[in-house]
Asker: 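One structure coming up, written as structure tokens, with questions to follow.
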Protein chains: 2
Amino acid sequence: MSVGIRHDDLRRRNRAMVIAAVRRAGRPSRTEIAATTGLSHSTISAISSDLIGEGILAEGKPSEVGSLKRGRPQVGLGLNPEAATVMTVVLSLNFLSVAVIDYAGQVISEEQRRLDTLTMSREALIGECTAIVRRRLADPDIDVRSVARIALAIQGITDTEARAMLWSPITPQTDIAFADILEAEFGIPATMENDCNMMAVALRWRDPERYRDDFIAILLSHGIGMGLVLKGELFTGTHSSGGEFGHMIHRPGGALCRCGRRGCVEAYAGNYAIWRNARQLGEDTEPVDVSDADMRTLAATARERAGPEREAYRKAGEALGYGLGSLFALIDPAPVAMVGVSAAAFDLIEPALREAIAQTAGGQHSKSISFDTEPNELPLIREGCAMRALTFVDQEIFAPGVQGRAGSGKNVA
Amino acid sequence: MSVGIRHDDLRRRNRAMVIAAVRRAGRPSRTEIAATTGLSHSTISAISSDLIGEGILAEGKPSEVGSLKRGRPQVGLGLNPEAATVMTVVLSLNFLSVAVIDYAGQVISEEQRRLDTLTMSREALIGECTAIVRRRLADPDIDVRSVARIALAIQGITDTEARAMLWSPITPQTDIAFADILEAEFGIPATMENDCNMMAVALRWRDPERYRDDFIAILLSHGIGMGLVLKGELFTGTHSSGGEFGHMIHRPGGALCRCGRRGCVEAYAGNYAIWRNARQLGEDTEPVDVSDADMRTLAATARERAGPEREAYRKAGEALGYGLGSLFALIDPAPVAMVGVSAAAFDLIEPALREAIAQTAGGQHSKSISFDTEPNELPLIREGCAMRALTFVDQEIFAPGVQGRAGSGKNVA
DNA sequence: GTATTTTTTTTGAGGCTCGAAAAAATAGAG
DNA sequence: CTCTATTTTTTCGAGCCTCAAAAAAAATAC
């Protein structure tokens, strides 16, 4: 039941709007902000003067803008890097990476660590995460009190409230409420996000021209993941992070998937699936983790000569194509970004993928669907986490108000 | 790029909120409205006094509430039936149905007509629609000037802007901009909606307890359609009405679908698919339209004895189950309403459906997924149309404001 | 008939945005 | 070097809107 708008919500929302405009535009002048937000100059003047007074925004030096026009020069407004910091924690297979980022988005401290996530106990996994966060907070460059938010990302399923990891392929452990644990430990608000959703968030910041209102980010790696932005909002399931594209059914009763079921898209297109098809091990072979190096060798072989390797990539393309076709039947076609090690082999995947997609309802415009590839997912995930955490600070801390529980806002991508 | 909130938007939004509260609650008192909207009594008093003055709301007679408590009795506020009227036009296979509905939601005039939609020319189809609308407008009970909106619904694909039918199984014609045509003809704002979306809207009004934020309405008829509400909003594709659940791929390269492709869910679960499987005609047999009576006989036979009829329903259940499983992988399970003539045979479909769904990622909680059936889709569609048109009047006419182009608002279900 | 209770309206205060006017800061002209 | 044109930013008063508190209204209970 949506609730009426209070008078004081007005200021809050318009403050948030100004901050968002500055974050998007970089160093806009007050006049530019007035134009993009549609508010009057007087309002922008009042709000930005407040924000500067509070140390959230900072005026750029007048010299910075090489003003060629005459008239009073515009003075650029930027985010004050010292207004706050956020922390990102990305947990992936055998790898833990942490960064501290200032309010303007610059990395100011980071640390990475190899772990054996697949065999670690629940306690060890949690312990490693809290320990690495603690070490970063102890960094002399960091003012602990400035850290306003921690955003974790993990491959796998998280809950809608972004509190817990429910299931992940990188560990046999389930249902770890990382967000609650870190919050309790450090007293800093935290969220636990799905890695592919963060990829989507990052793409939107990186290339807003291409990835604006509707697009899809697909992770082609050990598993198949998806981040989906629809109508400018991150799409999540109703109970979980959702978008389990990899586990849509491609062939009922088909190949064995890592999730234990049969016929999922991932059981044909995940690294382990491509691997076992290339090695002709049979579709019931237990999934194994394949190194990135081995996958690159496999791709090279497939490019070199026809054979089971090439056929394995074809099958992957077919599964992805039919899966995307079914997805497009529901949401209409949209730009797709293929991310992860197998995205580097997209040339091997694409023909079969396009052929399959053309057989489906979503494939009517299959020619016009465009794919982009990005072999390295980690930087994207971290960047998405950072933006997520920063927009949280923008909204919930620097433009606070009632408006429901904290964190229950829209999924602004 | 979202836009700042102007000062005058405030009133507009809160007016809309009050109207919406009254439409939902029936005859709430001012105090009740204050409670549900979260606005102060003074504000509600001011707004409702405006609305009464404008003839949008009307105070109920004090006697109506059998007040047992002491104190000043609450006076119920209701929608003034004479504030406006809307018209619904439902175009389905061989059938055209029109109704005029007052602002409080009561039908005040209606007309139905059999047509041969499959063979009619484009002009004839448009002509029948405009003619029936013209006749209703000529009804002496109707004040033409009060008609504030026409909502059409049709089975098939419509565009996101709700202006045109892009493709429909009930006619070989494509791309008819019904909304524009009726608007030009009568000067009344019109929309062209997808029938299954309207079913979903209606379900939400009929049973808000069960169908609140997330649910699915599936039409089991000649074709398979779907209306989807997610997070309280009607889900549409980015370009078209979307949610073409019936054309998700069940078996790549499988049975021939009415849409010309192969292996769609509909090619196993549409009436024609069940029919040809029951008659053992082979999966490539050209789809034919089967009468509701024939379908009922088929279902009766299937219930009576094992055989191809029963097997046909099993296959339908399997296709629907895998399709729902894939859908649930994306959006998480939600309550499902099965609507249409084959929903009356849901007992034959359900076992295989549940078995299939249990094989999928969305099927982890397959036991808890609940299905409701409603054999008659037409009343639902009309009701949904009516509510859609009425909420348009609530928002765009009785609480007008800038806030982007008309009709570009949220998909409030 | 008076007290009590509950709903609704009235009133005054405080905030917010807006438009217009003023102030500030520069480039160009002479 | 001064003056003018131009553009950006701030200031100021007006007009709304919501809110809290008080007042008024309308019933029941005793």
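Please read all numbers here as calculations on a predicted model, not as lab measurements. Each chain gets a letter, A, B and so on, in the order its sequence line appears, and its residues count up from 1.
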Asker: Would you give the length of the straight line joining atom CZ of B:R6 to atom CZ of B:R12, rounded to the nearest 0.5 angstrom?
Answerer: 12.5 Å

Asker: Quick one: do A:T43 and A:S40 satisfy side chain to side chain donor-acceptor pair (under 3.5 Å)? Show the steps, please.
Answerer: CA-CA 5 Å; A:T43 304; A:S40 73; 3.0 Å; yes

Asker: Just jot down the salt bridge (Lys or Arg N to Asp or Glu O under 4.0 Å) partners of A:D180, sequence neighbours excluded, or say none.
Answerer: A:R163

Asker: Determine whether a donor-acceptor pair (N or O, by modelled atom type, separation under 3.5 Å) exists between the side chain of B:S29 and the backbone of B:E32.
Answerer: yes

Asker: Can you tell me how far C1' of C:dG19 sits from CD1 of A:I44, to the nearest Å?
Answerer: 15 Å

Asker: Between B:E54 and B:R15, does at least one N-O distance fall below 4.0 Å, as a salt bridge requires?
Answerer: yes

Asker: From CD1 of A:I47 over to P of D:dT10, roughly how many Å is that when rounded to an integer?
Answerer: 13 Å

Asker: Rounding to an integer number of Å, can you tell me how far A:I33 CD1 sits from D:dT10 C1'?
Answerer: 15 Å

Asker: Would you list the protein and nucleotides 14-16 of chain C atom pairs, both N or O, that sit under 3.5 Å from each other?
Answerer:
{"unit_1": "C:dG14", "atom_1": "N2", "unit_2": "A:H7", "atom_2": "ND1", "d": "3.3"}

Asker: How close or far is atom P of D:dC17 from atom CZ of A:R12, stated in whole angstroms?
Answerer: 22 Å

Asker: Does A:Y103 have its ring centroid less than 6.0 Å away from the ring centroid of A:F398?
Answerer: yes

Asker: Tabulate protein N/O versus nucleotide N/O from nucleotides 5-8 of chain C, keeping only pairs under 3.5 Å, one per line.
Answerer:
{"unit_1": "C:dT5", "atom_1": "O2", "unit_2": "B:G71", "atom_2": "N", "d": "3.4"}
{"unit_1": "C:dT6", "atom_1": "O2", "unit_2": "B:R72", "atom_2": "N", "d": "2.8"}
{"unit_1": "C:dT7", "atom_1": "OP1", "unit_2": "B:Q74", "atom_2": "NE2", "d": "2.7"}
{"unit_1": "C:dT7", "atom_1": "O4'", "unit_2": "B:R72", "atom_2": "O", "d": "3.2"}
{"unit_1": "C:dT7", "atom_1": "O2", "unit_2": "B:R72", "atom_2": "NH1", "d": "3.4"}
{"unit_1": "C:dT8", "atom_1": "OP1", "unit_2": "B:V75", "atom_2": "N", "d": "2.9"}
{"unit_1": "C:dT8", "atom_1": "OP2", "unit_2": "B:T31", "atom_2": "N", "d": "3.0"}
{"unit_1": "C:dT8", "atom_1": "OP2", "unit_2": "B:T31", "atom_2": "OG1", "d": "2.6"}

Asker: Examine B:R204 relative to B:Y211 and say whether NZ or CZ is less than 6.0 Å from the centre of the six-membered ring and inside a 45° cone about the ring axis.
Answerer: no

Asker: Please check this pair: side chain of A:R212 against backbone of A:K231, looking for a donor-acceptor N/O pair closer than 3.5 Å.
Answerer: no

